[in-house]
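First the structure, in the form of structure tokens, and then the observations on it.
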Amino acid sequence: MKNTDKISITAALTAATCTLLGTTALQPVQAQEEPGWDFNTSLLYYAESDDRVQDLSLKTLSRRTFVDDRILSLGLTVDALTGATPNGALPQSFPQTFTKPSGKNTFTTPPGEFPIDDSFRDTRVAISADWEQPLGRLYAMNVGVSASAEYDYLHLGVNAKLSRDFNNRNTTLSGGFAFASDQLDPVGGVPDPLTQMRNVRDDDDGNGGRASNDSKEILDLVLGITQVMSRNFLMQFNYSYSDSSGYLNDPYKILTSVDPITGEAVPVPQIPGTEGPSHLNYYENRPDTRSKHSLYTQGKYYMNGKVLDASYRYMTDDWEIDSHTIDMRLRWPIGDDKYLEPHLRFYTQTAAEFYQISLVDDGQPLPEYASADYRLADFDAITAGLKFGWKTGGGNDMSVRLELYSQSGNVSPSQLIGSQADQDVYPDMDAIIFQYSYMFGK
Amino acid sequence: MSRVRPDRSIRVDAGDRCLRGQFSAMASPCEVLVDSDDIVAAERLTSLVADEAWRIEDKFSRYSPGNIIDRINTAGGEGVQVDDETAQLIDFSVTLNELSDGRFDITSGVLRRVWRFDGSNNIPTRHAVSDVMKHIGWHRVDWTSPILAMAPGMEIDLGGIGKEYAVDRCAGLLRNTTDAACLINFGGDLVATGKPRLRDAWQVGIEALNAQEQKSDRLVNLVIGGLATSGDARRFLMHNGIRFSHILDPTTGWPVPDAPRSITVAADSCTQAGMLSTLGMLKGAQAEAFLDAQGVQFWCNRGDGAVP
Amino acid sequence: MRQLGLLSAVLLLSWQASVADNATFNITDHEGKVVVLDFWASWCVPCRRSFPWLNEMHAKYGDDGLVIIGVNLDQEQSEAEAFLQEFPAQFQIHYDESKALATQYEVVAMPSSYVLGPDGEVLKRHYGFKVKKQEEYEAAIVAALEKLK
Amino acid sequence: MIISRFVAVLLALGILSGCSSMGVEPWERDVLAKEEMQLTTDAIEAATDDHIYFSKEASSGGRGFGGGGCGCN
């Protein structure tokens with residue numbers, strides 16, 4: 001049976017209607033759907049190897065487009081975090097015991113393993129609101145507020161951006177700032193920097209005389225240029241400056257103090273009737289200011305249907321960390337409502353000047369700053385992933401992406417003492433990122 | 001069944017930045033929105049529209065004994081002479097019958113003798129359906145205008161065209177009598193004659209019943225033209241897990257498989273919008289492809305919560 | 001008065017706006033009329049929003065001497081026709097294939113509309129289309145039409 | 001360190017020279033208007049990545065403001 005579904009009967013139907021209604025011609029219909037809300041929802045499963053951090057996250061972004069391109073965006077994120085990151089202490093050839101941050105009990109790590117406090121549970125809720133609107137024909141502005149809360153952390157932030165078009169919208173200059181004020185309420189109080197890990201206590205207020213909280217402020221400035229290179233090629237260049245000040249330490253991170261010859265953790269005599277750390281370790285300390293500069297350039301290139309998205313970022317800061325990031329995606333359409341998007345990302349960074357894998361118990365005074373947090377070390381990371389997107393029957397967009405992210409550290413031999421040389425001193429990590437997202441609405 | 005005298009009163013009150021005349025006709029709540037603050041004129045226009053709607057209802061409704069439809073359906077095979085308006089409606093339905101390969105057929109009303117869409121699971125037997133099919137099919141009708149003759153047992157029903165036709169007829173009347181922009185809405189089938197002065201457009205909600213049967217209204221800004229919806233998410237049958245929509249294919253006598261729950265179309269007139277939405281429903285799974293080819297704006301709700 | 005080519009007669013079916021062939025456009029064709037040249041393209045969202053208003057202006061002032069011409073700047077004419085199927089235009093459409101007209105009127109934004117007086121001189125220029133500014137655009141047309149009286 | 005200096009200079013050059021000559025006419029923006037050609041095609045994926053890398057690495061942001069707002073690093 002020939003397919004009559006695709007034939008247009010509009011002309012015949014219009015003629016028959018005009019005859020029926022006795023009119024010669026009908027004015028063409030003028031109807032347009034009022035843009036309503038459109039929604040972008042996603043479920044993320046992030047899990048690191050050997051049961052370190054796991055995050056199950058639900059994100060929604062609701063956008064309401066008002067007449068003349070004025071847009072309100074409301075964001076909500078709920079993260080359920082379990083598992084924990086290494087606390088900075090080094091694995092030893094013997095078991096080690098540590099006091100938990102709450103100061104109420106201890107946990108023991110078997111030999112050869114990175115000490116991890118797995119009692120870590122956290123639920124994080126983040127909300128954001130953002131208003132975007134053109135100002136006249138050449139300017140556009142964007143203002144937003146954000147807030148997020150965890151059991152030990154509260155973030156409040158504002159941001160604003162102004163952009164202006166030049167030479168027929170081929171060049172757009174934009175400038176923006178973001179200011180955040182965060183407050184930390186660590187479990188067991190704020191540890192005094194570079195002091196020894198405490199024994200278990202049973203005093204009532206739980207903080208053992210420590211300050212209960214501390215705060216930090218972050219100011220971000222971004223200057224950007226978006227430049228149309230050709231009909232298929234668009235580029236963006238951003239310079240951003242970020243200045244943080246206040247309590248920048250991680251309250252739960254420590255450094256193992258080792259014997260200057262053997263490189264092994266120094267045991268701590270345990271007074272009978274008390275419980276506490278089995279070996280010598282100190283809480284970390286970082287400078288209370290940090291200023292970062294970064295240059296970012298991104299290009300989008302259209303190759304009859306396929307879109308290449310490549311970006312490079314260079315960052316340097318006054319903690320002597322330099323980093324390079326290369327990120328590439330290629331969107332490969334399949335038919336007219338599906339696509340595949342492979343993703344490749346390379347990242348490398350140098351260590352912070354005060355990063356060290358351990359302290360040395362040689363009677364000398366402790367350094368002013370020291371941290372064994374693996375995120376401040378010299379390491380490389382690679383992300384490889386694939387995203388598949390498709391249009392649903394109702395014309396909405398769905399997508400699924402699966403990515404592997406792996407970090408590997410490079411600790412310079414000069415830092416290694418005694419037995420550390422033939423031991424694992426950097427907690428390499430692999431993680432999977434699985435995200436399903438569904439865009440529907442208007 | 002004694003016919004309760006229908007309430008034929010009209011009421012005019014203040015609508016949203018316009019005057020709103022209300023009455024009921026064709027078993028639907030009807031309203032006329034007039035973009036003016038002259039209450040006397042609004043009353044006159046509302047009664048003008050209401051009288052026309054009631055005239056068409058009395059003339060073509062299946063429930064009014066003695067009207068032209070009743071005389072045709074009880075002629076027992078004799079030829080019946082029809083007036084010009086009826087002839088035009090019949091000619092229009094013949095065109096629709098051709099354009100839809102026989103799926104739009106005004107003789108298919110008798111299928112209701114075997115199909116009752118009450119959400120239950122009583123499906124007629126194959127035998128019962130084929131029995132009633134003997135009385136269906138425009139090809140069985142002898143129509144040489146203005147005489148129409150049908151075998152006994154056959155019936156015609158203009159319900160599929162009547163409401164939209166009435167809306168457009170009333171719009172024509174209003175265009176000739178007032179410059180004020182008006183919106184005529186007969187139970188969801190509507191037409192707008194022009195842009196209201198104080199607003200960009202008339203705001204009309206499309207009832208998109210999604211899976212959880214909550215209404216999620218999507219708004220359309222209508223300036224000129226018609227909007228019609230066909231399909232009723234509440235009328236269906238469930239039989240061993242399969243949902244049978246109430247849209248029956250006159251060429252088979254069985255419900256159209258994979259018919260959407262409802263379709264709303266925007267077109268130059270309410271009649272065109274109504275016909276395209278009905279033909280869309282009859283296309284079942286191909287509804288979207290068919291309506292895309294017609295180059296009209298439409299909203300097809302398949303009840304999966306996602307309406308394009 | 002700049003000499004421009006002859007616009008071929010555009011037969012406009014009320015419900016099916018067909019795109020005129022790409023003969024060059026000639027302003028003298030509309031001697032003694034107010035012409036609104038509206039440059040648009042199918043992929044441009046604000047252009048889509050301006051069509052209902054242009055239709056309304058055509059209906060309102062068509063017989064007072066206003067001629068609206070939608071100059072299409074799509075790369076492919078088929079894209080323009082697909083757009084017109086869904087958003088019918090009551091006014092004339094001209095397909096500026098060589099983009100000569102767009103260059104001549106120095107179009108800097110999409111959409112751009114120019115109100116030309118009876119002698120073809122540009123009286124008013126609007127870049128972009130803001131629903132909020134519809135009254136302002138209409139006022140410019142009414143002012144131009146005054147010149148015809 | 002030399003590479004990073006060189007790269008920084010390259011970028012600065014890119015910024016300065018990018019303005020005048022290049023570009024398209026307003027009616028040649030059909031490709032640039034496509035959804036997949038926007039600088040950020042999936043806002044949630046971008047925010048997710050910014051946040052993950054903010055909590056696992058010492059650098060952040062670049063495209064926009066840093067992924068911050070948590071005690072996760």
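Chain letters run A, B, ... following the sequence lines, proteins first and then strands; every chain starts at 1.
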Is it true that atom CD of C:E106 has more than 12 heavy atoms of other residues, nucleotides or ligands lying nearer than 6.0 Å? no
Answer yes or no: does atom CD of C:E76 have more than 12 heavy-atom neighbours from other residues, nucleotides or ligands under 6.0 Å? no
Whether over 12 other heavy atoms sit under 6.0 Å from C:K33 NZ: no
Inter-residue atom distance C:D96.CG - D:W27.CH2, 0.5 Å rounding: 8.0 Å
The reported gap from SG in C:C44 to CG in D:D30 (rounded to nearest 0.5 angstrom) is 11.5 Å
Nearest heavy-atom contact between D:P26 and C:A109 is CG-N, 3.9 Å
How many angstroms lie between OG1 in C:T103 and CD in D:E25, if you round to the nearest 0.5 Å? 6.0 Å
How close do D:R29 and C:W43 get, heavy atom to heavy atom, and via which atoms? CB-CH2, 3.5 Å
Side chain, backbone, both or neither: which part of C:S112 has a heavy atom under 4.5 Å from chain D? neither
For D:E28 and C:Q75 the tightest heavy-atom approach is CA-NE2, 3.9 Å
